[in-house]
Structures are given as C-alpha cells and as structure tokens.
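Below: one structure, written as structure tokens.
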Protein chains: 2
Amino acid sequence: MARASTTSDAFNAVAEPRRREILTYLAGVERPVGEIVAALGLEQPSVSKHLRVLRDVGLVRMRCQGRQKLYRTNAEAIRPLHEWTATFERYWQHQLHHVKARAEAMARGVAADPHTSDPNLKEKA
Amino acid sequence: MARASTTSDAFNAVAEPRRREILTYLAGVERPVGEIVAALGLEQPSVSKHLRVLRDVGLVRMRCQGRQKLYRTNAEAIRPLHEWTATFERYWQHQLHHVKARAEAMARGVAADPHTSDPNLKEKA
DNA sequence: TTGACATATTCCGATATAGGAATGTATTGT
DNA sequence: ACAATACATTCCTATATCGGAATATGTCAA
C-alpha cells in the first residue's frame, strides 16, 4: 500500500507546507487564484492543484465571480485537527512540570535520573 | 518531486491514521512495543516502522529496559500543530456567527444572500 | 467571431511511501 | 553455548504524489 491520498482527510491535505501557506493566506479573506499566485510566489498550475486538494477535503470554499474564482479558508474544517492536538495539551503541561522539577533538583545539586518521571520504574538497582 | 518525507516534520508524520492512534495510546504512559501491537491489533514490524517515523520527528521518546523498549508520546512535539491550528480559531468563531445571523435573517423572512459574509464585496448591483 | 484573460487539467518523471514476508540483532534464562 | 523473547530492518510491490510543461476550459471585451 502507498501513502494515503492527500484528499483522504484534512490531516493529509495539511501535510504539505504550501497548502498550509495557502490556508493561512486565505484565512478570513476571499481571494482570486491570481493573487494567491502573486502573494506566495508559486506557479499558477501548482496553486490550482493545491486548491483542488484543499477543496476536496473541504478546507477551502470557492465561489465564481466573472472569470475569476474566489477562494477562502473554511476554518471549520481545521477544527478537528485542533481538537485532536488539544487532547495532548495536559501532557505537555505535565512535561513542563517535570522539566521544571528536574531543573530545580539539578540546581539543588541532586543527581537527576533521566527517567524519574515513571513511578513504575523497577530496574534492578 | 514526490511528496515530502514522513520524517520531514510532525505534520507529515501525523498524516497517517495509525500513527495518530499510536500517539493517542502512548499519551502520558510508557509502553513496550508488544503492548502497542496487542492493543492496536497491528503487525509488529508495522508498529516498529511507525515508531521509527515518530521517533525521527521527535513525536515519541524511547528508553530501553532489558529486552524491551518503552515508548511514550512526547506531547511537546505536538504543540506546534496545536498552535498552527489555533490561528484559525477566531475564524471558525466568526463563521458560526455568520451562520447564526443568516439563520435569524431567514427566520425574519429576509432573503439571505449566500455571500453577504464578505463586506468588501462590490458586485455590480 | 476572435482574442485576451483567469483557471483547471493532463501528461510526465522521480521519489517516498505502507504493508507483508523474511531476516537481523540484542538480551535473558538455563 | 543455545534457545527463546522482544524489536528492528530489509526487500519487494503497488500506488500516490509534486513540480514543470503543455494544453484545455470558460468568461469577458471589442
């Protein structure tokens, strides 16, 4: 099996840096393709292809106006990513406490074992 | 050019669903490979390969204990993703307001233009 | 109608997977 | 030393890109 399609979900679509740039650029504003090309310095076909991917997973919305097509980021579609990452928030807070505790222990001259973080540790001493 | 390496950054590493499952499973707890295999129902080599990718981008930490290797999610490495998605938070709040406003307008019997959301809109009336 | 303008799509080639099977490596127990 | 246990790595194949070049599609203007 190969890697999953970029259009399979928002996680895959957002893995590409240029697509993240586009999403950031189109956050809260509607812009025609030409301006995205100019602003980000990419080739026009490249931008169109990225927009196609983003549209397929619902990360951008499109609307026609004359001969141009206006795109805008659909922030709602980013929410699931935000919520998934948020489930780890309490753990990085924990880790900060550990780092802080270790730093303080070091400052007090106590030899800090690199794995004191795990209370279940039972290596034969 | 092909797609960027899964080890190029956390965004690419996290694009794979199984790797997200592993990260969730290892959040806040240290577990040997065998338990990950059993818990997620994947093949052992597959888990090892995913762990390798996660380790290369710093998403998991590893420690040896006898013949087993204990892995644990390094939540800090997920933080950049959380922060990137957080930059869109205000926009999905905006969108909710718009949806709400449109719904209320509809309730009042006002014809709601689908694109009144953009105040800069100057279509020839 | 003809042409210019704005985007989209197709074709191409190089590369990076992800899974399955088989094999390699390190550590423990007898 | 030898077998068993716990993981990691390699080899193989099918597939999905991503960028660049060329081309197609659709809309407006004269």
Side-chain angles (χ1 to χ4, degrees), chain A residues 1-23 25-26 30-57 59-72 122-124, chain B residues 1-23 25-26 30-57 59-72 122-124:
Chain A
M1 215 182 255
R3 214 203 293 204
S5 168
T6 55
T7 58
S8 57
D9 62 31
F11 283 95
N12 277 281
V14 156
E16 167 65 46
R18 272 72 190 286
R19 283 196 284 267
R20 289 199 296 278
E21 287 180 33
I22 293 176
L23 288 173
Y25 182 66
L26 294 177
E30 220 177 14
R31 297 287 182 231
V33 178
E35 288 197 23
I36 306 173
V37 170
L40 304 186
L42 304 173
E43 299 291 326
Q44 176 267 310
S46 181
V47 170
S48 279
K49 281 184 278 192
H50 283 315
L51 287 171
R52 176 75 173 147
V53 171
L54 293 172
R55 214 156 81 83
D56 282 350
V57 295
L59 279 165
V60 297
R61 286 290 157 70
M62 187 261 272
R63 161 172 93 86
C64 296
Q65 184 187 7
R67 52 183 151 185
Q68 33 190 25
K69 310 206 176 179
L70 306 178
Y71 287 84
R72 161 199 289 260
K122 285 174 196 164
E123 276 176 304
K124 74 229 51 152
Chain B
M1 214 184 258
R3 212 201 295 202
S5 167
T6 54
T7 58
S8 59
D9 62 30
F11 283 96
N12 277 281
V14 154
E16 167 65 47
R18 272 73 190 286
R19 284 197 283 267
R20 288 201 297 277
E21 287 179 32
I22 292 175
L23 289 173
Y25 182 66
L26 294 177
E30 222 178 13
R31 297 285 183 233
V33 179
E35 288 197 23
I36 306 173
V37 170
L40 304 186
L42 304 173
E43 298 291 326
Q44 177 266 310
S46 181
V47 169
S48 279
K49 281 184 278 190
H50 284 314
L51 287 171
R52 175 75 172 146
V53 170
L54 293 172
R55 213 154 83 83
D56 283 349
V57 296
L59 279 165
V60 297
R61 287 290 157 70
M62 186 262 271
R63 159 173 97 85
C64 296
Q65 184 187 6
R67 54 182 151 187
Q68 34 191 26
K69 311 207 174 177
L70 305 178
Y71 286 84
R72 164 199 288 261
K122 284 174 195 159
E123 273 173 337
K124 69 230 65 171

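Values in this document were obtained by computation on a predicted structure and should not be read as measured data. Order of the sequence lines sets the chain letters (A, B, ...), proteins ahead of strands, with each chain counted from 1.
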A/R52, CZ: over 12 other non-hydrogen atoms inside 6.0 angstrom:
no

If you pin A/L70 and B/V53 to their nearest nucleotides in DNA chain C, which one's is more 5'?
A/L70

Using modelled atom types and a 3.5 Å cut-off, is there a donor and acceptor pairing between side-chain atoms of B/N12 and backbone atoms of B/T7?
no

How is A/S46 classified with respect to the nucleic acid when contacts are heavy atoms under 4.0 Å: base, sugar-phosphate, or nothing?
sugar-phosphate

Do the side-chain N or O atoms of B/Y71 get closer than 4.0 angstrom to the phosphate oxygens (OP1, OP2) of D/dA8?
yes

Walk along nucleotides 21-30 of chain D from 5' to 3' and tag each nucleotide B, S or - by protein heavy-atom contact under 4.0 Å, base first, then sugar-phosphate.
BB----BS--

Using atom types as modelled and distance alone, determine if a side-chain donor or acceptor of A/R19 lies under 3.5 Å from a backbone N or O of A/V14.
no

Can you tell me how far apart CD (B/Q68) and CZ (B/R63) are? Round to the nearest 0.5 Å.
10.0 Å

Provide, to the nearest angstrom, the distance between the CG atom belonging to B/L42 and the C1' atom belonging to D/dA8.
16 Å

Nucleotide D/dC7, atom C1' - distance to CD1 of B/I36 in whole Å
11 Å

Expected output is a numbered-order residue list: members of residues 2-12 of chain A with a heavy atom under 4.0 Å from any atom of DNA chain C. What is it?
A/A2, A/R3

Do any N or O atoms from the side chain of A/R20 and from the backbone of A/A15 form a donor-acceptor pair under 3.5 angstrom?
yes

Which atom names give the shortest non-hydrogen contact between A/V33 and A/S48, and what distance separates them?
CG1-OG, 4.3 Å

Nearest-angstrom distance from the residue atom CG of B/D56 to C1' of C/dT17
14 Å

Could you check how far CG of B/L40 sits from C1' of C/dG19, rounded to whole Å?
16 Å

Without decimals, in angstroms, what is the distance between B/R63 CZ and D/dA6 P?
17 Å

Take A/V57 and A/D9 through the test side chain to side chain contact (heavy atoms under 4.5 Å, CB included) and record every step on the way to the result.
CA-CA 6 Å; A/V57 295; A/D9 62 31; 5.7 Å; no

Nearest to the B/P32 side chain among D/dC7, D/dA8, C/dG19, which nucleotide is it?
D/dC7

How about A/L51 and A/L26: do any of their side-chain heavy atoms sit closer than 4.5 Å?
yes

How would you label the contact of A/R55 with the nucleic acid (heavy atoms, under 4.0 Å): base, sugar-phosphate, or nothing?
nothing

Roughly, in whole Å, what's the span from CD1 in B/I22 to P in C/dA18?
11 Å

Please evaluate residues B/E21 and B/L42 with respect to the criterion side chain to side chain contact (heavy atoms under 4.5 Å, CB included), reporting the C-alpha separation (whole Å), side-chain torsions for both, the decisive distance (0.1 Å), and the verdict.
CA-CA 11 Å; B/E21 287 179 32; B/L42 304 173; 5.5 Å; no

Rounded to whole angstrom units, what separation is found between the CE atom of A/M1 and the P atom of C/dG20?
8 Å

Measuring to OP1 and OP2 of C/dT7, would you say a side-chain N or O of A/Q68 lies under 4.0 angstrom away?
yes

From CG of B/L54 across to P of C/dA18 the rounded distance in Å is 10 Å

Hey, does the side chain of A/S48 come within less than 4.0 Å of C/dT7's phosphate (OP1/OP2), counting only N and O?
no

Can you tell me how far apart CD (B/Q44) and NZ (B/K49) are? Round to the nearest 0.5 Å.
9.5 Å

Does OP1 or OP2 of D/dC7 have a side-chain N or O of B/R52 closer than 4.0 Å?
no

